[in-house]
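Hydrogens, waters and symmetry mates play no part in the numbers below; they use all other heavy atoms, side chains included.
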Amino acid sequence: MLLIFCALVVVSCYFFSFGFTFLPPSVNTKIILAGVGCLLLFGQMVLTQRIEISKQLFTASVLAIVFSLVCFIATDVNRTDDFAYATYFMSFAIWLLAAYTVAFVIYKIHGFIDFHLLTFYLAAACLLQCVLAFWIDSSPAVQSLVDRYIEQGQSFAQEVDRLYGIGASLDNAGVRFSIVLIMLSTLFTRDLFEKRHIPLIVILVTTFFAIFVLGNVISRTTSIGGALGFAYILLSTGLFSRIIRIEFVRFFSVVLILLFLATLMAIYFYESNAIFKGYMQFAFEGFFNFYKTGEWRTDSTDKLAMNMWVWPTDTKTWLIGTGLFDGWIFNTDIGYCRFVLYCGILGFSVFVLFFVFNAIAFMKKYSKHKLLFLMLLAFSFAIWFKVSTDIFLIYALFYCVEGLQGALFTTKFHTENENRLFYLGNV
């Protein structure tokens, strides 16, 4: 149990990286894990006398370098010193090294690592961050302790009155919650039914709803992942086909029962607790506005629609951008606008190709799970309507799991490992 908890802390430090007030601003948990990963890879090279890189990872590395080069050319042409994405290949390498540390720790503790086990850990880390965020918000003493030692840009979150955990806040938290919701939906509809672990499915469905609801209180970007997760479930269970497998009937029965219980609890706390009522009104502002006015809208979507679509005004900027990205330079946070304004259509096209390649590479290798990677690709495009970030951190984990396990998805476990998997799920 202690080892599992330590692995969970490592996963959270990777997925929700943060800095320390007593260390330089450039040092955070992701950098620290990357340093450990570098040492682990060096030790592996000494023991085996070689380091193997898959063709897919090599191609992804080339695309990351090309994107960085185009961004550097954009800064050189425009005579700026804003290298926000001109050094993307370094961020790419740091994510990979940090992910290797995470995968290595899990592998050493359990003796194996695959998509199932990785999803369990990531879901637990997301749930932990939701609990921490509510704890910090409700306890001034805990908030003071966290703010004294943890540096995560919480001053802005406090300014706009938003919840934050330890490394989890605003849109970055919503992006990570969304990724995990999509991954959880994969387990519901395919893999776990084959093993008929109904108690584990109940636990994971509960976790899915908990992350969806609590995550929306922290960041409403979580709704995107929730919507894609629900879409995955509907598309993969054959709900609209003539024949529905009995396993899926059981699954939807479990979902409906849990949804009914959750609704009753939500109604009770909404009517009896003013703080909880405020949380829900913020998390599902669009639905509340639709109920009251008949129009689905939120403050953030109003801002996006009214004054954040800023595009280049000349041909040169459309092609190679302005070489400016950092700060609020163009008064917009929309990813499509910021990327095009920074490195033009040329740079943004390479960036898009990078994520399309990662998705297609895994789709081809794991054809039974291609809908998962299609959903992750759709999410990549969806989040750029709201924020300029990317989801390579999850692909970095997938590449590293393959490097250790040999496959991201395994079709059959040894009995001992299967028992460990079931036990971890119940824990």
message = Is any side-chain heavy atom of Y14 closer than 4.5 Å to one of T101?
response = no

request  = Write down the atom of L96, the atom of C400, and the distance for their closest heavy-atom approach.
outcome  = O-SG, 3.4 Å

note = For L33 and C13 the tightest heavy-atom approach is CD1-C, 4.0 Å

message = Going by side-chain contact (heavy atoms from CB on, under 4.5 Å), name the residues that satisfy it together with L261, two or more places apart in sequence or in a different chain.
response = I257

Interatomic spacing from CD in Q143 to CD in Q158 - rounded to 0.5 Å = 5.0 Å

request  = Go through the side-chain N and O atoms of T221 and D171 and say whether any donor and acceptor fall under 3.5 Å apart.
outcome  = yes

key: F362: partners by ring-ring contact (aromatic ring centres under 6.0 Å, His included), with sequence neighbours left out   = F373, F398, Y399

inquiry  = If I compare all heavy atoms of Q152 with all of I166, which pair ends up nearest, and what's the gap?
reply    = OE1-C, 3.6 Å

query = With sequence neighbours excluded, what pairs up with D390 under the salt bridge (Lys or Arg N to Asp or Glu O under 4.0 Å) test?
reply = none

ask   = Does CZ in F156 sit with more than 12 non-hydrogen atoms of other residues, nucleotides or ligands closer than 6.0 Å?
value = no

task = Can you run down the ring-ring contact (aromatic ring centres under 6.0 Å, His included) pairs that involve residues 164-183, sequence neighbours left out, and say none if there aren't any?
result = F16-F177

key: Polar side chain donor-acceptor pair, Q154 to S169, under 3.5 angstrom   = no

query = side chain to side chain contact (heavy atoms under 4.5 Å, CB included) between F392 and Y88: does it pass, once the steps are laid out?
reply = CA-CA 11 Å; F392 178 70; Y88 185 75; 3.8 Å; yes

remark   = Scanning both residues in full, the closest heavy-atom pair of I218 with R162 reads O-NH2, 3.3 Å

query = If every non-hydrogen atom of F104 is compared with every non-hydrogen atom of L404, which pair is closest and at what distance?
reply = N-CD1, 3.5 Å

Side chains of I4 and H110 in contact at under 4.5 Å (non-hydrogen atoms) = yes

request  = Apply side-chain contact (heavy atoms from CB on, under 4.5 Å) to N216 and list each qualifying residue two or more places apart in sequence or on a separate chain.
outcome  = F212, R220, T222, S223, A283, F284

Contacts under 3.5 angstrom, residues 334-357 side chains, donor-acceptor by atom type, not counting sequence neighbours:
{"residue": "Y336", "atom": "OH", "partner": "F381", "partner atom": "O", "Å": "2.7"}
{"residue": "R338", "atom": "NH1", "partner": "D333", "partner atom": "OD1", "Å": "3.2"}
{"residue": "R338", "atom": "NH1", "partner": "S388", "partner atom": "OG", "Å": "3.4"}
{"residue": "R338", "atom": "NH2", "partner": "F325", "partner atom": "O", "Å": "2.3"}
{"residue": "R338", "atom": "NH2", "partner": "G327", "partner atom": "O", "Å": "3.1"}
{"residue": "Y342", "atom": "OH", "partner": "D82", "partner atom": "O", "Å": "2.8"}
{"residue": "Y342", "atom": "OH", "partner": "Y85", "partner atom": "N", "Å": "3.4"}
{"residue": "S349", "atom": "OG", "partner": "I345", "partner atom": "O", "Å": "2.6"}

